[in-house]
Amino acid sequence: MSKLKIGFIGTGRICQGHHLPVWAAMPDVEIFAVCDIKPDVAQLVAEKYGVKHVFADYNEMLKMDEIAAVDICTPNDVHSAAGVASLNAGKHVMVEKPIARTAAEAQVMVDAAKKTGRKLQVGQCIRFDAASQALKRFADAGDMGDVYYARAQAIRRRGVPTWGVFTSKEKQGGGPLIDLGVHILDLTLWLMGHPKPISAAGVAYNKFGGRADVANAWGPWDPDEFTVEDFAAGFIRFENGASVMVETSFAANIEKDIFNTALMGTEGGCEYSPVRMFREEHQTLLDVTPVGLPTVDRFQRELQAFADAVINDTEPPVTGEQALIVSKIMDAIYESAETGREVTID
Ligand SMILES: NC(=O)c1ccc[n+]([C@@H]2O[C@H](COP(=O)([O-])OP(=O)(O)OC[C@H]3O[C@@H](n4cnc5c(N)ncnc54)[C@H](O)[C@@H]3O)[C@@H](O)[C@H]2O)c1
């Protein structure tokens, strides 16, 4: 069988640090072409992985018939355009999270995947952790009963990303909500079985971004270039009566960083980090802690799942439709933050 040939669009930090090493270790895959608007970045990667085909314009790369699938690791503003162009060129698409800056941008990707019949998988890598997979098995077995509330948190005390374009509203679509909140919201909705959201209310603040005097784990940033929120929170209602509270920050005066979701159901609850379940048996409260969970590389699991979906012609485990719903929720939270009103989600 010939190898699955992959082209890469955007070969920066996440691509070099996590995607390329995983793809390079897969026997059925060939890293066939790389594209980055920074020629030195693409060249560096090409030399390291022995890639002959190097591009600065993804439209040129997409003309190569040999390429079966692309992996998009650009800033968020390129996800939708590159995704649609790739799908229309007949390629399967793996795109980093968030699927796009807005639900409208995500919608055209979902439509293009449907029209072309090509796979579209979104990089919600947290689902592939051993802890997430264990919780999902319990959730799917109904062990939590009716899950009616969840508290999803991705909050950093001082963790403003100072590489790339993470503080640019235009390039990223938003700050911690779209960058970190997308991970924890996706995990929460997946564990809840993807209930349909009907409305969201939210707030977004920029209290640290415009200041030059703030401590930060990754060093200083340019306050003039910081156009996203540094804290956002939202309250989401679902058609089945459930609700979710989400809190996200790049900077906040809190004790410590938290990346966790806590689900509350009629028969049990759970938390992702540290992974635990909460139950009652014989009028006795129990904390259940999984032991011996395997150590897994979440990116290895995620990208192998995408390769399998392409090779076996099966549905990818993280679909464009699921990511689109999270996009709609985030759009509604941002809109609510601006208008001061609860926003209906279609
Ligand atoms: N799954 C995760 O946990 C995770 C972690 C970090 C980043 N990400 C996502 O990965 C994406 C990239 O993040 P990063 O940290 O690697 O950023 P980065 O800035 O390090 O890399 C992005 C690369 O894309 C290139 N690029 C920009 N526009 C392009 C275009 N039109 N065509 C080709 N290349 C282009 C840039 O030159 C850069 O080299 C973001 O969407 C981010 O949300 C995901």
Side-chain angles (χ1 to χ4, degrees), residues 7-22 33-46 48 51 53-62 67 70-86 89 91 93-102 105-106 109 121-129 132 154 156 159-187 218 221 225 228 248 250 259 273 296-303 305-306 317-318 323 326-327 330:
F8 292 79
I9 303 178
T11 54
R13 193 167 167 133
I14 195 76
C15 190
Q16 290 181 38
H18 293 284
H19 287 230
L20 283 162
V22 165
V34 291
C35 168
D36 200 293
I37 50 168
K38 292 181 189 154
D40 53 324
V41 173
Q43 201 51 48
L44 185 94
V45 165
K48 182 164 179 188
V51 184
H53 309 287
V54 185
F55 297 88
D57 177 349
Y58 62 75
N59 289 304
E60 292 303 314
M61 186 182 87
L62 293 174
I67 297 173
V70 299
D71 185 358
I72 301 172
C73 294
T74 62
N76 304 347
D77 63 325
V78 183
H79 289 188
S80 184
V84 170
S86 302
K91 320 299 185 198
V93 170
M94 169 74 218
V95 60
E96 256 302 348
K97 49 56 62 175
I99 181 171
R101 288 176 299 186
T102 62
E105 286 186 349
M109 298 167 79
Q121 181 172 318
V122 184
Q124 300 302 159
C125 56
I126 307 297
R127 286 196 204 180
F128 296 87
D129 285 354
S132 310
R156 291 180 182 161
V160 178
T162 47
W163 67 95
V165 291
F166 289 89
T167 58
S168 162
K169 174 93 176 161
E170 194 209 327
K171 294 272 179 198
Q172 290 292 98
L177 177 64
I178 205 164
D179 186 44
L180 310 174
V182 71
H183 273 307
I184 208 69
L185 272 174
D186 176 78
L187 179 68
W218 291 303
W221 63 85
E225 300 288 321
V228 297
T248 66
F250 280 162
F259 188 84
S273 178
V296 299
D297 175 347
R298 55 172 73 133
F299 290 96
Q300 197 284 329
R301 294 282 169 108
E302 167 188 84
L303 298 173
F306 173 68
V318 183
V326 176
S327 259
M330 295 191 300

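The first residue in the sequence is number 1, and the count goes up from there. Atoms within each ligand, like the ligands themselves, are counted from 1 in listed order.
- Within the structure, every pair that satisfies the side-chain hydrogen bond (donor to acceptor under 3.5 Å, both in side chains) test and touches residues 33-42, not counting sequence neighbours, is listed here: Thr11-Asp36.
- When non-hydrogen atoms are compared, ligand 1 lies under 4.0 Å from the backbone of Asp36 as well as from its side chain.
- For ligand 1, the atoms closer than 4.0 angstrom to any heavy atom of Val78 are 28 (N), 31 (N).
- With Ile9, Ile37, Ile14, Asp179 as candidates, the residue nearest to atom 30 (C) of ligand 1 on a non-hydrogen basis is Ile37.
- Residue Tyr58 has no nitrogen or oxygen atom sitting less than 3.5 Å from a nitrogen or oxygen atom of ligand 1, judged on distance alone.
- Residue contacts with ligand 1: Gln124 is excluded, as none of its non-hydrogen atoms falls under 4.0 Å.
- For the residues Gly10, Ala42, Pro75, Gly12, the heavy atom positioned nearest atom 27 (C) of ligand 1 is part of Pro75.
- With 3.5 Å as the limit, one finds a donor-acceptor pair spanning the side chains of Glu96 and His19.
- Contacts of Arg101 classified as salt bridge (charged side-chain N to carboxylate O under 4.0 Å, His left out), with partners at least two apart in sequence or in another chain: Glu105.
- Looking at every heavy atom in both residues, Val228 comes nearest to Ser168 through CG1-C, 3.6 Å.
- A salt bridge is absent between Arg301 and Asp129; no separation between the charged side-chain nitrogens and carboxylate oxygens falls under 4.0 Å.
- The environment of NZ in Lys169 is crowded: more than 12 heavy-atom neighbours from other residues, nucleotides or ligands sit within 6.0 Å.
- Between Ala106 and Ile99, the closest heavy-atom pair is CB-CG2, 3.6 Å.
- When heavy-atom distances to ligand 1 are checked against a 4.0 Å cut-off, Arg13 comes that close through both its backbone and its side chain.
- With a heavy-atom cut-off of 4.0 Å, His183 touches ligand 1 through its side chain alone.
- If you look at Cys125 next to ligand 1, the close heavy atoms, those under 4.0 Å, all belong to the side chain.
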